[in-house]
Amino acid sequence: RHVTAMIRGTYVLSLTCSNAYGLATSLPATIVVSGGPPGPPDFLLTPSTMFPVVGEAFTVGWQVSGASTCVGTAEINGSPVAVQGWTDTTSPVSPRTLVVYRSDYFVLRLTCSNDSGAVDSEPYQIFVGHADADPG
């Protein structure tokens, strides 16, 4: 059999075969896969604030290894939107400074890649609100 690992890491493989006389299982084999596409982003995106405000900069961070580029996408209700510092940058360096110019619920995603392939993050939803001019 030919096995392809999509993500670098350490794998333990064994094979179980059966027939009319019973089962037989191989000894486990440990395989270390290096190179290949970047490791998946640790995409609990970590914003610098839980309450970002329209027009005010905030940062979003993540962790990824082995990436040469990371491209962000943003959506509102399933439609792509531009977010300054997120959708116009390809650097794999975390964090990024974002500025959003409209109040809404945004879904952020990140795709990181290298010469061997690409990997996508989990989506992250964030609400950007308006600053309260008069709290009382």
Restricting to side-chain hydrogen bond (donor to acceptor under 3.5 Å, both in side chains), what partner residues turn up for Glu56, sequence neighbours left out? none

Exercise: identify the closest heavy-atom pair between Trp86 and Thr73: NE1-O, 3.0 Å

Are the side chains of Pro95 and Trp62 in contact, using a 4.5 Å heavy-atom criterion? no

I'd like to check Gln84 versus Thr97 (side-chain heavy atoms, cut-off strictly below 4.5 Å). Are they in contact? no

In this structure, would Leu108 and Val99 fall into the same cluster of hydrophobic residues linked by side-chain contacts under 4.5 Å? no

Any ion pair linking Glu75 and Arg109 (charged N to carboxylate O, less than 4.0 Å)? yes

Look at the side chain of Ser26 and the backbone N and O of Leu15, then say whether any donor-acceptor pair between them is shorter than 3.5 Å. yes

State whether the number of non-hydrogen atoms from other residues, nucleotides or ligands found under 6.0 Å of Tyr105 atom OH is greater than 12. no

Do Val100 and Phe106 come within less than 4.5 Å of each other through their side chains, counting heavy atoms only? yes

What about Leu98 and Phe51, same hydrophobic cluster or not, with Ile/Leu/Val/Met/Phe/Trp/Tyr joined at side-chain heavy-atom distances under 4.5 Å? yes

Just so I know, are the side chains of Arg96 and Val60 near enough to count as touching, which here means a heavy-atom distance under 4.5 Å? no

Taking C-beta and beyond as the side chain, do Pro52 and Phe127 meet within less than 4.5 Å on heavy atoms? no

Any donor-acceptor pair under 3.5 Å linking the side-chain atoms of Ser113 with those of Thr69? yes

Test your reading of the model: is there a side-chain donor-acceptor pair from Ser121 to the backbone of Leu110, 3.5 Å cut-off? yes

Test item: Ile126 and Phe58 side chains (from C-beta on) under 4.5 Å apart, heavy atoms: yes

Are there more than 12 heavy atoms of other residues, nucleotides or ligands under 6.0 Å from atom CG of Asn19? yes

Considering all heavy atoms of both residues, which atom of Ser94 and which atom of Gly61 are nearest to each other, and what is their separation? OG-CA, 3.1 Å

For Arg102, run the side-chain contact (heavy atoms from CB on, under 4.5 Å) check against Ile76, Val128, Val83 and tell me which one passes. Ile76

Contact summary for Pro28 and Ser14, nearest pair of heavy atoms: CA-CB, 4.2 Å

Within a strict 4.5 Å, meaning less than it, do heavy atoms of the Cys70 and Val64 side chains meet? yes

Show the nearest heavy-atom pair for residues Thr111 and Ala118, with the distance to one decimal. CG2-CB, 4.1 Å

Using the rule that Ile, Leu, Val, Met, Phe, Trp and Tyr join whenever any side-chain heavy atoms are under 4.5 Å apart, tell me whether Tyr124 and Val53 fall into a single cluster. no

Could you check whether Asn114 and Ser68, counting side-chain N and O atoms only, form a donor-acceptor pair closer than 3.5 Å? no

